[in-house]
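Heads up: the structure comes next, in structure tokens.
One-based numbering, in listed order, for ligands and for the atoms of each.
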Amino acid sequence: MFVDVLLPVPITKLFTYRVPFELNDFIGTGYRVIVQFGKKKIITGVVVNIHGNPPEVYQAKYIIDLLDDQPIMNEKQLNLYKWIAGYYMSSMGEVLNVGMPSGLKLSSESKIQLHPEFDLVQSFALFSEKEQLILNVLERDQVITYGEAAHILQIKSYLKIIKSLIAKDAILIFEEVKDKYTPKKDTYVKLTNHWLREDYLQELMTELEKKPKQLDVLLAYLQLAPVFKDKELNAKGIAKRELQAKGISVSSLKTLEKNKVFESFQLVIPRFSLPSVNADYTINLTVKQQQVKAEILTIFEQKQTVLLHGITGSGKTEIYIDLIHDVLEQGEQVLYLLPEIALTTQIVSRLQLVFGNQMGVYHSKYSDNERVEVWKGLIAGRFPLIIGVRSSIFLPFDNLGLVIVDEEHEFSYKQYDPAPRYHARDAAQVLARIHSAKVLMGTATPSIESFYLAREGRYGYVTLNERYGKAKLPKIIFADLALERKQKTIKGDFTSVLADKIAQSLSRNEQVIIFQNRRGYSPYISCDECGWIPKCNNCAVSLTFHMYYNQLRCHYCGHHERLPVTCPACGSTKLKTMGFGTEKLEEDLKLLFPEARIQRMDLDTTRRKYSYQKIINDFEQGDIDLLVGTQMVSKGLDFENVTLVGVFDVDRMLHFPDFRSFERTYQLSVQVSGRSGRSDKPGEVILQTANLKQPILHYISSQNFLEFYNHEIEERHKFKYPPFYRLIRITLKHKNKSVLNPASQMLVRRIREHFPKDLTLGPHEPMISKIRNLFLMEILLKIPRENADLKGSKNILIHAANIMKQEKDYRGVFIVFDVDPY
Ligand code: ADP
Ligand code: ZN
Ligand code: ZN
């Protein structure tokens with residue numbers, strides 16, 4: 001028997017392995033196996049086919065072992081992986097690698113240990129010399145890796161030896177998995193069986209009357225587990241923690257254990273010990289919200305997808321909750337996608353109130369253990385509801401009824417690196433199709449693409465135009481930077497308009513959010529004498545100054561260096577900071593409002609797992625007056641007491657050289673405005689700009705999405721951009737320009753043989769033309785959305801790239817395809 005195995009490596013094909021006879025009856029598709037890959041590597045793969053055909057060109061190796069006793073992946077899931085690989089021009093292996101938590105992937109780094117029940121002394125003589133060698137090392141070092149074992153044995157067939165040791169129950173190899181996936185355990189105690197006889201128990205109690213502390217322990221136990229009523233209760237035992245919570249003496253419990261009154265044992269407890277479902281929680285949708293829900297359900301009868309366009313604070317989340325509830329009732333699974341972890345905190349707590357321990361949370365800041373637990377919990381049926389970031393589309397759903405894509409317009413649904421460079425919102429459409437499930441996409445600022453598809457009738461479209469309760473949309477006001485600079489009323493980077501408004505809000509004890517989409521102190525430093533600007537040696541970008549570390553940092557490769565005291569070019573000491581980031585604004589605010597409690601929220605202040613949560617909590621509790629932050633503060637957050645939002649640098653966002661810059665600016669501005677005025681207190685938003693005449697500012701202030709859309713879609717049409725064209729970006733990388741440039745020329749020539757010239761752009765240097773010591777060149781291909789052979793086009797690209805790589809000089813050129821780049 002043979003199996004085709006999908007391995008988490010960037011290679012397109014599957015590998016065929018032979019199944020050892022003894023595993024024939026236990027293996028199936030979706031099971032993980034351990035196999036040898038290449039000469040040395042040992043990795044985990046997933047069985048995708050079982051058949052009787054040996055491979056033609058190579059001798060199939062035996063699989064080393066089978067890891068599961070039930071499938072860990074299902075067919076629907078594999079179908080999604082296949083689609084993602086095909087559409088996003090990556091390999092299935094890359095999809096598996098990104099999709100599966102590393103705790104489920106064993107590799108050469110995997111460890112070997114002695115079997116805990118193995119008696120080395122007794123049976124040592126029964127082993128071969130080589131086997132003894134390993135056993136000795138293991139006795140000394142406890143744990144070694146596969147790689148180390150290979151090194152110790154110095155023979156090719158080390159795998160055979162390891163396998164033989166496993167077969168003899170002398171060692172265990174899955175410690176790596178166990179190591180990564182350590183289920184959380186709790187210690188429990190129960191009465192030893194002897195005391196289950198009522199008369200004995202009575203006797204024991206009488207006896208313990210002389211030892212009141214021990215008696216307390218026994219009584220506490222009997223109170224929690226009344227075994228005299230029902231003996232069965234004893235088997236489950238009681239967690240030591242629970243007994244301790246009753247105030248018993250730990251040492252008395254120990255004594256009782258020693259005297260064999262109690263015995264202890266370990267139980268695996270789920271990591272998500274969330275409160276159980278709150279039966280009392282009722283959702284009372286407003287009349288308007290109920291109408292919206294009914295509309296959505298009606299459209300679902302005809303269409304797979306509905307775009308819910310509801311202004312910020314209108315209660316979209318309440319509607320999701322209501323719909324999720326219904327779908328779970330029907331026994332189907334729900335996936336609730338959020339664009340990033342920054343958003344999960346508040347929503348997770350809201351959903352927890354309703355769905356409690358039925359909900360699994362999946363995102364990258366969770367440890368691998370936790371992710372493995374969600375994966376397995378989903379298979380076991382413990383988590384019919386998954387809330388998570390983009391990678392949760394890869395989970396083993398088998399019966400999905402509804403996918404919610406919250407904030408569908410968000411760019412963080414797109415994965416940049418590594419491959420597959422997928423877009424979770426778009427992949428969710430395919431996921432839903434595979435399950436015949438529905439998709440609800442919600443946003444206050446639809447993406448141009450989704451809105452277009454809604455207008456075309458491919459998606460249903462439902463609007464919700466009023467905020468919940470008495471809340472009104474905030475008033476948007478512009479502060480004129482140019483004018484204030486001229487009149488010299490500007491303080492630092494703050495217009496007097498904004499500064500005055502902040503002062504007013506603070507005096508009313510209301511909270512303020514300041515938004516600046518750039519972290520660090522200043523985006524760059526410049527010498528006042530000669531204009532020298534420090535740049536990263538590895539990347540073609542200027543270094544960002546971080547005051548707190550007194551460092552210049554590269555946001556692309558992480559390189560950092562100390563701020564020089566003098567200009568290395570001319571020796572001047574006049575090094576000026578230019579522009580501003582969140583760190584500088586925080587400092588300015590401290591000077592302007594010395595009394596206020598100010599906190600910054602950006603990548604630098606939220607690196608640790610709970611730091612984000614803490615800031616949110618402090619803000620919610622009113623322990624922070626002013627929150628300064630990057631796009632992290634712009635969305636999803638719901639704070640009652642925020643009445644003012646200040647937005648810096650709209651101009652820079654608008655002039656970012658990218659066809660989406662208007663869309664982004666519109667979305668960010670409206671989203672960040674949405675943080676203001678969410679209760680009955682009226683809210684305001686101040687946008688600082690040096691050019692009041694830009695038409696897009698008008699769309700923002702009137703919050704007239706349709707007008708904005710009409711303007712934007714015309715441009716997209718005129719300049720051949722999405723949604724009318726699909727883009728494929730081809731990035732070439734090499735450390736020498738002298739190789740990179742002719743290689744890119746050659747590739748583009750090949751591509752142009754098949755595609756119209758005006759749809760093949762480049763090669764050109766991207767805005768950042770060097771990253772981590774590699775020079776970059778880009779080619780952009782536009783493919784009409786309608787009536788184009790997308791698959792065929794991709795094949796042409798891959799073929800052209802392969803031909804280029806056959807050229808000896810260009811072999812080292814690295815090529816990245818990005819389908820639907822953002
Ligand atoms: P959105 O997701 O559209 O921004 P939310 O669902 O966050 O809006 O709702 C905004 C605020 O109004 C939240 O504090 C929410 O709890 C409250 N809210 C909305 N609808 C209701 C409702 N039907 N009953 C009670 N509170 C509601
Ligand atoms: Zn200088
Ligand atoms: Zn760099």
[X] touching ligand 1 at heavy-atom level, < 4.0 angstrom:
X: G310; result: no
X: R467; result: no
X: L464; result: no

For [X], take its heavy atoms, then give the atoms of ligand 1 lying under 4.0 Å from any of them.
X: T317; result: 2 (O), 5 (P), 6 (O), 7 (O)
X: L285; result: 23 (N)
X: I311; result: 3 (O)
X: N284; result: 22 (C), 23 (N), 24 (N)

Q.
Donor-acceptor pair, distance only, cut-off 3.5 Å: does the side chain of R467 make one with the backbone of T312?
A. yes
Q.
Using a 3.5 Å distance criterion without hydrogens, assess whether the side chain of E684 forms a donor-acceptor pair with backbone atoms of I476.
A. no
Q) Does E301 pair with K438 as a salt bridge, N-O distance under 4.0 Å? A) no
(Q) Distance to the ring centre below 6.0 angstrom and angle to the axis at most 45 degrees; does that hold for R664 and Y666? (A) no
(Q) Using 30° and 60° as the class boundaries, would you call the ring planes of H325 and F355 parallel, tilted or perpendicular? (A) tilted
(Q) So, regarding K316 and ligand 1 (criterion: nitrogen or oxygen to nitrogen or oxygen, under 3.5 Å), is there a contact or not? (A) yes
Q.
Working note: F545 + L543, criterion side chain to side chain contact (heavy atoms under 4.5 Å, CB included); need CA distance, chi angles, decisive distance, verdict.
A. CA-CA 6 Å; F545 177 51; L543 294 169; over 6 Å; no
Q) Is the distance from the Zn ion (ligand 3) to the nearest N/O/S atom of C554 under 2.8 Å? A) yes
